[in-house]
A.B. asks: 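Just dropping this structure here.
Quick note: numbers below take in every heavy atom, side chains included, and nothing from hydrogens, waters or symmetry partners. Note that this is a predicted model, so its numbers are computed, not measured.
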Amino acid sequence: MHEDSPPPFIVIRTPKRPDVYDRTLELVALVQRILEGASARFHLKDRLDRVVTSLVFELSRAKHGAKTTRWRHYRRAEELASDCATILDILVHQQAAALSDLEPARKLVHELLAELNALG
């Protein structure tokens with residue numbers, strides 16, 4: 001009698017997602033497009049540029065730093081991502097940039113916030 005039994009283990013392969021650092025670099029490109037066409041006041045545009053740049057630096061420190069201090073960088077990155085999301089929300093309500101430029105950036109920053117929350 002032949003027995004049809006499954007293999008001793010099952011391998012589930014999921015496609016590899018870009019890490020949070022690479023996704024933040026995508027956010028930088030989206031924010032740059034927003035800043036080029038935004039009619040917001042200078043200080044708000046400057047703050048958004050600074051926040052997204054600082055976010056990349058914090059994630060770089062977390063990626064390449066000591067394991068014992070990574071949580072600190074992820075926590076700071078989460079704060080910066082929250083600031084970025086807030087500024088993007090302000091730009092939407094001020095109608096200071098094209099919604100077609102703002103929505104992809106808002107979606108990505110909220111995805112990053114969820115990932116950072118899990119990491120920190």
Side-chain angles (χ1 to χ4, degrees):
M1 176 174 218
H2 178 65
E3 184 177 327
D4 291 328
S5 61
F9 58 90
I10 298 172
V11 176
I12 299 173
R13 295 190 178 137
T14 57
K16 185 175 177 168
R17 279 183 76 181
D19 70 352
V20 69
Y21 175 79
D22 292 332
R23 293 177 50 124
T24 305
L25 290 175
E26 293 173 26
L27 180 63
V28 169
L30 292 173
V31 166
Q32 183 61 37
R33 187 175 318 138
I34 291 167
L35 293 176
E36 287 174 356
S39 63
R41 294 179 53 191
F42 173 78
H43 79 280
L44 195 58
K45 292 180 359 179
D46 183 59
R47 186 164 182 177
L48 179 59
D49 188 37
R50 288 173 184 251
V51 164
V52 76
T53 304
S54 296
L55 178 58
V56 172
F57 281 111
E58 284 299 325
L59 290 173
S60 177
R61 290 181 189 122
K63 185 176 183 177
H64 301 293
K67 288 184 179 184
T68 57
T69 61
R70 281 188 186 155
W71 66 271
R72 185 175 301 130
H73 297 296
Y74 283 129
R75 184 168 294 156
R76 176 70 180 134
E78 187 177 7
E79 292 171 3
L80 291 166
S82 177
D83 290 349
C84 183
T86 303
I87 295 170
L88 291 171
D89 288 343
I90 290 169
L91 292 177
V92 167
H93 288 286
Q94 289 181 347
Q95 298 176 347
L99 201 55
S100 61
D101 290 337
L102 287 168
E103 281 307 314
R106 290 177 73 206
K107 181 178 183 257
L108 181 54
V109 77
H110 284 286
E111 290 171 3
L112 290 170
L113 273 168
E115 290 182 44
L116 289 168
N117 190 14
L119 290 172

A.B. asks: Over all heavy atoms of both residues, which pair between Leu91 and Ala40 is shortest? Give the atoms and the distance, please.
C.D. replies: CD2-CB, 3.5 Å
A.B. asks: Please determine if Arg75 and Glu78 form a salt bridge, counting it only when a charged side-chain N lies under 4.0 Å from a carboxylate O.
C.D. replies: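 Result for this pair is no, no salt bridge flagged.
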A.B. asks: Output every pair passing salt bridge (Lys or Arg N to Asp or Glu O under 4.0 Å) with a member in residues 81-97, not counting sequence neighbours, ordered by first then second residue.
C.D. replies: Asp89-Arg106
A.B. asks: What pairs with Ala97 under side chain to side chain contact (heavy atoms under 4.5 Å, CB included), at least two apart in sequence or on another chain?
C.D. replies: Ile34, Ala38, Leu102
A.B. asks: List the residues meeting side chain to side chain contact (heavy atoms under 4.5 Å, CB included) with Tyr21, not counting sequence neighbours, and say none if there are none.
C.D. replies: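 Only Asp19, Leu25, Val56, Leu59, Ser60, Lys63 meet the side chain to side chain contact (heavy atoms under 4.5 Å, CB included) criterion with Tyr21.
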A.B. asks: Is any side-chain heavy atom of Thr53 less than 4.5 Å from a side-chain heavy atom of Val28?
C.D. replies: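 They are not in side-chain contact.
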A.B. asks: Tell me every residue that passes side-chain hydrogen bond (donor to acceptor under 3.5 Å, both in side chains) with Glu79, counting only those two or more places apart in sequence or in another chain.
C.D. replies: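 Partners of Glu79 by the side-chain hydrogen bond (donor to acceptor under 3.5 Å, both in side chains) criterion, ordered by chain and then number, come out as Arg76.
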A.B. asks: Out of curiosity, Leu112 CG to Glu115 CD, how far, rounded to the nearest 0.5 Å?
C.D. replies: 6.0 Å
A.B. asks: List in chain and number order the residues that pass side-chain hydrogen bond (donor to acceptor under 3.5 Å, both in side chains) with Asp49, two or more places apart in sequence or in another chain; answer none if no residue qualifies.
C.D. replies: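 side-chain hydrogen bond (donor to acceptor under 3.5 Å, both in side chains) check on Asp49 returns nothing, list empty.
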A.B. asks: In Å, rounded to the nearest 0.5 Å, how long is the span from OG1 of Thr24 to CZ of Phe57?
C.D. replies: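 Thr24 atom OG1 to Phe57 atom CZ measures 12.5 Å (nearest 0.5 Å).
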A.B. asks: So do the side chains of His93 and Ile90 get within less than 4.5 Å of each other, counting heavy atoms only?
C.D. replies: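 No, their side chains stay 4.5 Å or more apart.
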A.B. asks: Would you name the heavy atoms of Ala81 and Leu113 that are closest together and state the gap between them?
C.D. replies: CB-CD2, 3.7 Å
A.B. asks: So Leu44 and Leu48, do their side chains get closer than 4.5 Å, heavy atoms only?
C.D. replies: no
A.B. asks: Could you report the tightest heavy-atom contact between Cys84 and Leu27, atom names first, then the distance?
C.D. replies: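 Taking every non-hydrogen atom into account, SG-CD2, 4.2 Å.
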A.B. asks: Kindly write out the residues that satisfy side chain to side chain contact (heavy atoms under 4.5 Å, CB included) with Arg70, not counting sequence neighbours, or none if the list is empty.
C.D. replies: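 By the side chain to side chain contact (heavy atoms under 4.5 Å, CB included) rule, Arg70 matches Lys67, Tyr74.
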A.B. asks: Check side chain to side chain contact (heavy atoms under 4.5 Å, CB included) between Gln32 and all other residues, then give those that pass, not counting sequence neighbours.
C.D. replies: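 Expected list: Glu36.
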A.B. asks: Please report the C-alpha distance between Glu26 and Arg23 in whole Å, then the side-chain angles of each, then the deciding distance to 0.1 Å, and finally whether the salt bridge (Lys or Arg N to Asp or Glu O under 4.0 Å) criterion is met.
C.D. replies: CA-CA 5 Å; Glu26 293 173 26; Arg23 293 177 50 124; 5.7 Å; no
A.B. asks: Can you name the side-chain hydrogen bond (donor to acceptor under 3.5 Å, both in side chains) partners of Arg33, sequence neighbours left out?
C.D. replies: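 Residues passing side-chain hydrogen bond (donor to acceptor under 3.5 Å, both in side chains) with Arg33: none at all.
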A.B. asks: Nearest 0.5 angstrom please: His73 NE2 to Leu116 CG, how far?
C.D. replies: 13.5 Å
A.B. asks: Please check if atom CD in Gln94 has more than 12 non-hydrogen atoms from other residues, nucleotides or ligands closer than 6.0 Å.
C.D. replies: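 Counting other residues, nucleotides and ligands, CD of Gln94 exceeds 12 neighbours.
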A.B. asks: Flag yes if Phe42 and Leu88 sit in one hydrophobic cluster, no otherwise; membership is Ile, Leu, Val, Met, Phe, Trp, Tyr, and two members link when side-chain heavy atoms are under 4.5 Å apart.
C.D. replies: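 No, Phe42 and Leu88 fall in different hydrophobic clusters.
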A.B. asks: Should the pair Lys107-Glu111 be classified as a salt bridge under the 4.0 Å nitrogen-to-oxygen rule?
C.D. replies: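 A salt bridge is present here (some side-chain N lies under 4.0 Å from a carboxylate O).
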A.B. asks: How many angstroms lie between CZ in Arg50 and CD1 in Ile87, if you round to the nearest 0.5 Å?
C.D. replies: 11.0 Å
